[in-house]
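First comes the structure, then the notes that go with it.
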Amino acid sequence: MNDSRYRWVIVAAGGLLGCVAIGSMFSLPVLLQPIVRDTGWSVAGVSSAMTVGFIALAGASMVWAPCPTGMGRSR
């Protein structure tokens with residue numbers, strides 16, 4: 001744990017994965033018609049699935065937000 005460069009690699013990888021995850025969530029307007037065409041779902045069904053994803057994201061962020069304070073380094 002003394003190699004501080006390794007810590008920043010983990011932070012950068014987490015940030016990159018977070019950007020990819022959020023980018024995939026917000027790409028629905030671009031990919032809606034191809035998803036509907038390929039899966040045979042209705043537009044309402046795909047949009048409902050995305051709504052469930054956003055609600056899960058909001059719920060997980062509310063649960064995860066206090067964790068760094070409780071699990072962080074002691075002073």
Side-chain angles (χ1 to χ4, degrees):
M1 283 303 238
N2 292 333
D3 187 9
S4 63
R5 288 182 295 156
Y6 179 70
R7 294 179 193 171
W8 286 111
V9 170
I10 298 298
V11 170
L16 178 65
L17 289 175
C19 289
V20 169
I22 295 297
S24 67
M25 291 285 288
F26 284 109
S27 67
L28 181 64
V30 175
L31 300 175
L32 182 61
Q33 292 305 319
I35 291 171
V36 167
R37 186 179 56 244
D38 291 345
T39 62
W41 291 9
S42 66
V43 173
V46 174
S47 298
S48 297
M50 191 55 63
T51 300
V52 170
F54 279 123
I55 291 170
L57 184 67
S61 67
M62 286 187 279
V63 170
W64 187 253
C67 290
T69 305
M71 290 187 258
R73 259 186 163 179
S74 60
R75 295 181 184 178

Check your understanding: Is there a path from Val30 to Phe54 through hydrophobic residues (I, L, V, M, F, W, Y) whose side chains come within less than 4.5 Å of each other?
Key -> yes
Review point. Taking the side chain as C-beta and beyond, is there a heavy-atom pair between Val43 and Gln33 under 4.5 Å?
Key: yes
Check your understanding: Any side-chain heavy atom of Trp41 sitting closer than 4.5 Å to one from Val36?
Key -> no
Check your understanding: Counting only N and O atoms by type, is there a donor-acceptor contact under 3.5 Å from the side chain of Ser27 to the main-chain atoms of Ser24?
Key -> yes
Point to revise | Separation between CD1 of Ile10 and CH2 of Trp8, rounded to the nearest 0.5 Å | key: 12.5 Å
Practice item. Give the minimum heavy-atom separation between Met25 and Met50, together with the two atoms involved. Key: O-SD, 3.7 Å
Practice item. Report the distance from atom CG of Leu28 to atom CD1 of Ile35, rounding to the nearest 0.5 Å. Key: 6.0 Å
Study note, to complete from the structure: When rounded to the nearest 0.5 Å, the distance separating CG of Leu17 from CD1 of Ile22 is 12.0 Å
